[in-house]
**Student:** 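Mind having a look at this structure? Questions to follow.
So you know, we letter chains A, B, ... as the sequences are listed, proteins then strands, and number each from 1.
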Amino acid sequence: MSPDEWKRELEATAPELARELKTKKEPEKGLPELPLDGRSVVMRFAPNPNGPPTLGSARGMVVNSEYVKKYDGKFIIRFDDTDPQTKRPLLEAYQWYLEDCEWLGAKPHEVIIASDRIPLYYEFAEKLIQKDGAYVCFCEQEEFKNLKDAKRACPHREQGVEKNIGYWKKMLAGDYGEHEAVLRIKTDITHKDPAIRDWVAFRIIRTPHPRVGDKYVVWPLLDFESAIEDHLCETTHIIRGKDLRDSEERQKYIYRYMGWTYPKTLHWGRVKILEFGKLSTSGLKKAIAEGVYTGWDDPRVPTIRAIRRRGIQPEALRKYMLDLGMGETDISMSMDGIYAENRKLVEPMSNRYFFVWDPVELEIEHAPSVVSKPPLHPSDSRGVREIQVDGRVLVCRDDVARLEPGARLRLKDLYNIEVTCMEPLRARFIGADIDTVKREKLRIIHWAPVDGIAVRVLSPDGEFKGIGENGIRNELHRIVQFERFGFVRIDSINREVVAYFTHD
RNA sequence: GCUCCGAUAGUGUAGCACGGCCAAUCAUGCGAGACUCUCACUCUCGCGACUGGGGUUCAAAUCCCCAUCGGAGCACCA
C-alpha cells in the first residue's frame with residue numbers, strides 16, 4: 001500500500017486520526033522542560049573562584065537562573081573552593097562572580113561558600129565511617145591505582161569501623177602529613193567502570209587557604225563536598241559538564257548510605273570559543289602576570305568583565321546562552337552570534353560620531369568656512385552634532401590609498417571635493433549639494449576636525465589610534481558608533497579618549 | 001587498556017521519548033538586490049544539513065545493529 005492509499009484508508013476508517021495527521025506539531029520554544037517531582041525547584045551554579053567568570057561561566061549562570069525563573073524556584077551560587085593548592089581560589093573572584101551574576105540578571109537567592117562549611121563535611125564523613133561506608137586509606141597513589149585497576153581491595157578497606165574512626169580523628173588532629181592518608185568512599189571495588197571504584201573523599205593539604213588560612217588540613221574533594229551540599233540545599237536539578245558525568249555515579253554511593261534522594265541531572269558539552277582559542281584560567285593568569293594582557297578585563301580576554309567593558313549588553317549574552325540549549329555535544333561557538341544579538345540592542349541607542357584612524361591631513365582650497373551638522377542618529381531624530389570646519393580636515397589613510405588626483409568624492413555631511421594632489425594631500429571645493437553625489441555616485445568618506453580629540457580604541461585585534469570629533473566627550477561610559485568603523489564603549493576621557501571596541 | 005557519551009547547513013539550534021505532518025525549523029553566516037549622505041540598521045530574494053552502511057517497516061532524521069569520526073572519565077583538580 002502506498003502512503004497515499006494508506007491516508008485514504010485512514011480517512012475512511014478513522015477521520016479524527018487523519019485530522020491529527022494534518023495538524024502541525026508546534027515546536028517547543030526556549031529551554032526544554034525539566035522533569036518535576038512536585039518539589040519546588042532548587043538549582044545551583046557551583047564555580048571554583050580561582051579566576052573571574054568567563055563566557056563559559058555565563059552559560060551556567062544564565063541557564064540555571066533561567067530555569068529557576070521559569071519554575072519560580074531558588075537559585076544558589078556555591079563556591080566550590082575546597083582546593084587551596086592546585087586550584088587555589090582568588091580572593092577577589094568571589095565578588096566578581098556575584099557582580100557578574102547580577103549584571104547578567106542571574107542574581108542568586110543564596111550564596112554558599114564551601115570553605116566556610118568544612119566542619120559540616122567532617123560530621124557527614126564521620127557518619128559515613130560509622131555506617132562502614134568510608135575508610136582511611138594509607139596506600140600510596142601508585143599502589144592503590146594498581147590494586148584498583150585489578151579490581152582488588154586494599155588492606156585498609158576492611159580494617160573496621162573502630163579503627164577508621166581512630167585514624168580519621170588522627171587525620172583531623174593533623175597527625176599525618178600530606179599524602180600519608182586519605183578517606184575513601186567504599187563503593188564497589190569491582191565496578192566495571194574504574195572511575196567509580198573507592199574514590200577519595202578527603203585528603204590532607206598543608207597549604208593555607210586564601211580565605212580560612214591554616215584552620216584545616218583535611219579538605220574534601222569536589223564529589224564529597226558537592227554531594228553533601230546538594231543534599232543540604234535540597235537541590236532538585238543539577239546541570240553539569242559532561243566531564244563530570246561520573247560524579248553522579250560516584251556520589252550516589254553516599255546517597256545510598258545516607259538514604260537520600262539524588263537530584264535529577266542534565267549534562268552539557270564543552271564550549272570552545274573560536275575567537276579566543278584555548279585559554280585556560282591558569283593560562284590567562286600567567287599571561288596577565290607576564291604583562292601579555294593588561295588584566296582580567298583586557299578586551300582580548302574571554303571573561304565576562306572584559307566583554308562587559310566592551311559594551312556587550314547582558315540581554316545579548318543571556319539570549320545567546322539560552323539559544324545554545326542543553327545539548328551534550330561539544331560546541332564551538334563564535335562571537336558572531338553574540339555580536340549579532342548585541343548589535344540589535346545597541347544600534348538604536350548609539351549616537352554616531354566620526355573617528356579617523358591613522359589620520360592624514362587634507363587641505364581643501366577655496367572651501368567655505370562651515371559648521372557641519374551630522375545627525376546623532378540616522379533614523380531616530382535626536383538632534384545633531386556641530387563641527388566647525390575651515391578648509392582642513394583629517395581623513396583615514398585607508399581611504400587616501402584608494403584616491404588619485406582628479407578623484408571626486410563627498411566628505412560626509414560636509415561638502416564635495418576633487419583631489420588635486422596626493423602628497424601633500426590637497427583637494428578643491430566643488431560644491432556642497434547632495435544631488436551631485438547621488439547623480440555621480442560619488443564615494444562618501446568620513447572625516448574629523450583637525451582640532452578633534454585624540455582617541456585610542458582597544459580591540460581584540462589590537463589598538464587603533466586617531467582623532468575623533470569633540471562631541472565624543474559627552475559620551476563617557478556610553479556606547480556609540482564610530483561611523484564606518486564600528487560600535488565602541490567610551491571607557492575613559494582624559495587628555496585622550498579610550499574606547500573599547502564592541503563589534504562592527 | 002577499561003568505562004561512558006555524542007553526531008541535523010560554515011556555526012548554533014528545532015524535530016528524535018510516541019516512525020508518516022520533514023524534498024527538515026529558527027538564528028547567525030555567506031551571495032544578490034532595495035533603502036541609506038556610514039562598511040550600521042531595516043527589507044526582499046537566494047545558498048546551505050539528517051556521518052556512512054546494513055536491518056525492521058507500506059513508511060526512518062526518528063527504532064535496531066555495525067562502522068567511522070568526535071568528546072569525556074579512570075587525580076590526594078574543579
Side-chain angles (χ1 to χ4, degrees), chain A residues 1-7 9-10 20-25 27-29 32 46-48 50 80-83 85-88 137 139-141 144-145 148-149 151 178-184 191-197 199-205 219 221-223 225-226 240-247 249-250 267 269-271 274 281-282 319-320 323-334 336-341 343-344 346-348 350 352 354 374-375 377-380 410-414 416 434 437-438 442 444-446 481-487 503-504:
Chain A
M1 207 186 290
S2 79
D4 276 347
E5 290 170 306
W6 208 91
K7 266 180 198 162
E9 179 76 15
L10 185 65
E20 199 175 309
L21 271 182
K22 289 195 177 78
T23 52
K24 192 130 182 129
K25 282 182 206 159
E28 239 177 68
K29 277 290 241 174
N48 176 358
N50 63 339
D80 285 346
D81 59 343
T82 56
D83 179 4
Q85 207 160 55
T86 321
K87 294 215 169 153
R88 184 155 235 273
C137 174
C139 291
E140 289 198 13
Q141 281 183 61
F144 187 86
K145 180 177 165 41
K148 180 196 72 179
D149 287 346
K151 300 186 179 180
E178 291 185 2
H179 301 283
E180 265 187 62
V182 295
L183 186 76
R184 287 186 187 279
H191 195 287
K192 61 174 182 169
D193 182 350
I196 309 301
R197 301 172 197 157
W199 50 275
V200 175
F202 286 86
R203 81 303 211 185
I204 294 162
I205 296 177
W219 287 90
L221 278 101
L222 174 74
D223 276 314
E225 177 264 344
S226 185
R240 48 165 73 108
K242 64 177 184 181
D243 51 322
L244 258 32
R245 188 184 284 280
D246 289 337
S247 282
E249 185 67 14
R250 277 198 284 255
H267 301 93
R270 286 173 67 98
V271 177
L274 255 40
T281 301
S282 52
K319 181 162 191 310
Y320 189 76
D323 279 349
L324 250 32
M326 285 299 307
E328 288 196 26
T329 38
D330 295 339
I331 291 169
S332 54
M333 61 168 255
S334 145
D336 281 353
I338 296 173
Y339 294 161
E341 291 302 339
R343 197 172 290 118
K344 287 177 198 153
V346 130
E347 198 279 335
S350 302
R352 268 51 175 180
F354 291 146
H377 191 276
S379 53
D380 181 23
R410 170 74 170 184
L411 294 174
K412 187 170 184 289
D413 298 302
L414 187 60
N416 312 329
I434 195 67
V437 177
K438 296 192 171 169
L442 296 187
I444 298 166
I445 67 169
H446 71 293
Q481 189 202 47
F482 286 163
E483 296 196 44
R484 303 210 307 145
F485 181 76
F487 294 91
H503 46 66
D504 54 18

**Student:** Using only side-chain N and O atoms of S334(A), determine if any of them is under 4.0 Å from OP1 or OP2 of G12(B).
**Tutor:**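 No.
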
**Student:** When you compare U8(B) with C50(B), how far apart are their C1' atoms, in angstrom units rounded to a whole number?
**Tutor:** 5 Å

**Student:** Treating primed atoms plus P, OP1 and OP2 as sugar-phosphate and everything else as base, which nucleotides of nucleotides 73-78 of chain B get B, S or - for protein heavy atoms under 4.0 Å?
**Tutor:** BBSBBB

**Student:** Between U38(B) and Q481(A), counting only base atoms on the nucleotide and side-chain atoms on the residue, is there a donor-acceptor pair under 3.5 Å?
**Tutor:** yes

**Student:** Looking at D504(A) and F485(A), what are the two nearest heavy atoms and their distance?
**Tutor:**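 Distance-wise, the nearest heavy atoms are CB-O, 4.0 Å.
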
**Student:** Using the P atom on both, measure U25(B) against G46(B) and round to a whole Å.
**Tutor:**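 That atom pair is separated by 13 Å.
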
**Student:** Would you call R270(A)-E328(A) a salt bridge at under 4.0 Å N-O?
**Tutor:** no

**Student:** For F144(A), is the NZ or CZ atom of R197(A) found under 6.0 angstrom from the centre of its six-membered ring and inside 45 degrees of the ring axis?
**Tutor:** no

**Student:** In which stems does RNA chain B show up, taking only runs of three or more Watson-Crick or G-U wobble pairs whose two distances fall under 3.5 Å?
**Tutor:**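 Runs of three or more consecutive pairs: B:1-7 with B:68-74, B:10-12 with B:26-28, B:29-34 with B:42-47, B:51-55 with B:63-67.
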
**Student:** Pick the C1' atom in G48(B) and in U28(B), then give their distance to the nearest Å.
**Tutor:** 13 Å

**Student:** So, K319(A) and E341(A), do they make that salt bridge, N to O below 4.0 Å?
**Tutor:** yes

**Student:** Search all heavy atoms of L222(A) against all heavy atoms of L244(A) and return the closest pair with its distance.
**Tutor:**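 Distance-wise, the nearest heavy atoms are CD2-CD2, 4.2 Å.
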
**Student:** In this structure, how many angstroms lie between the C1' atom of C2(B) and the NZ atom of K192(A), rounded?
**Tutor:**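 Spelled out: NZ on K192(A) to C1' on C2(B) is 11 Å.
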
**Student:** With syn defined as a glycosidic torsion within 90 degrees of 0 and anti otherwise, which applies to A17(B)?
**Tutor:** syn

**Student:** Could you give the distance separating C5(B) and A27(B) at their C1' atoms, to the nearest angstrom?
**Tutor:** 27 Å

**Student:** I need the CD-P distance between E249(A) and C5(B), as an integer number of Å.
**Tutor:**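 One finds 11 Å between P of C5(B) and CD of E249(A), rounded.
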
**Student:** Using the C1' atom as the point on both nucleotides, what is the distance between U56(B) and C47(B), in whole Å?
**Tutor:**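 36 Å, rounded to whole Å.
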
**Student:** Please tell me which of the listed nucleotides, G12(B), C37(B), A27(B), lies nearest to the side chain of K344(A)?
**Tutor:** A27(B)

**Student:** What's the gap between C16(B) and C63(B) when it is taken at their C1' atoms, as a whole Å value?
**Tutor:**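 Each nucleotide's C1' atom is 10 Å from the other's.
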
**Student:** Atom CZ of R352(A) and atom CZ of F487(A): how far apart are they, to the nearest 0.5 Å?
**Tutor:** 5.0 Å

**Student:** Between G6(B) atom P and R270(A) atom CZ, what is the distance in whole Å?
**Tutor:**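 The distance from CZ of R270(A) to P of G6(B) comes to 18 Å, rounded to the nearest Å.
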
**Student:** Report yes if a donor N or O on one partner sits less than 3.5 Å from an acceptor N or O on the other, where the partners are the side chain of R245(A) and the base of C5(B); otherwise report no.
**Tutor:** no

**Student:** Rounded to whole Å, please give me the gap between NZ in K438(A) and C1' in U38(B).
**Tutor:** 14 Å

**Student:** Check the distance between G71(B)'s P and R240(A)'s CZ and give it to me in whole angstrom.
**Tutor:** 23 Å

**Student:** Hey, does D323(A) reach any base, or is it just sugar-phosphate, or nothing, if we go heavy atoms under 4.0 Å?
**Tutor:**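 Sugar-phosphate, backbone atoms only, no base.
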
**Student:** For the atom pair CG (D336(A)) and CG (L274(A)), what is the distance rounded to the nearest 0.5 Å?
**Tutor:** 8.5 Å

**Student:** Taking NE2 from H267(A) and P from G71(B), how many angstroms apart are they, rounded to a whole number?
**Tutor:**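 In whole Å, G71(B) P lies 19 Å from H267(A) NE2.
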
**Student:** For a quick check of understanding: with a heavy-atom distance under 4.0 Å over all strands, which category does F487(A) fall into, base, sugar-phosphate or nothing?
**Tutor:**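 Answer is sugar-phosphate: F487(A) comes under 4.0 Å of backbone atoms only.
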
**Student:** Between G6(B) and C58(B), how far apart are the two P atoms, rounded to whole Å?
**Tutor:**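 So the two P atoms sit 29 Å from each other.
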
**Student:** Over how many whole Å does the gap from L324(A) atom CG to U8(B) atom C1' extend?
**Tutor:** 16 Å

**Student:** Expressed in whole Å, how much space separates the P atoms belonging to A60(B) and C45(B)?
**Tutor:**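 Comparing P positions in A60(B) and C45(B) gives a spacing of 33 Å.
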
**Student:** Given that T329(A) and D504(A) both sit by RNA chain B, which one's nearest nucleotide is further toward the 5' end?
**Tutor:**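 This one resolves to T329(A).
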
**Student:** About how many Å separate CZ of R410(A) and CG of N416(A), when rounded to the nearest 0.5 Å?
**Tutor:** 5.0 Å

**Student:** M333(A) CE to U13(B) P: how many Å, rounded?
**Tutor:**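 These atoms are roughly 11 Å apart.
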
**Student:** With sequence neighbours excluded, what pairs up with Y320(A) under the ring pair (Phe, Tyr, Trp, His ring centres under 6.0 Å) test?
**Tutor:** none

**Student:** Going through the distances and angles, do K87(A) and D80(A) end up as a side chain to side chain contact (heavy atoms under 4.5 Å, CB included)?
**Tutor:** CA-CA 10 Å; K87(A) 294 215 169 153; D80(A) 285 346; over 6 Å; no

**Student:** Should R343(A) be listed as having a side-chain N or O under 4.0 Å from OP1 or OP2 of C41(B)?
**Tutor:**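 For C41(B), OP1 or OP2 has a side-chain N or O of R343(A) closer than 4.0 Å.
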
**Student:** Where do R240(A) and S226(A) come nearest, in terms of heavy atoms and distance?
**Tutor:**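 Looking at all heavy atoms of both residues, the closest pair is NH2-OG, 4.2 Å.
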
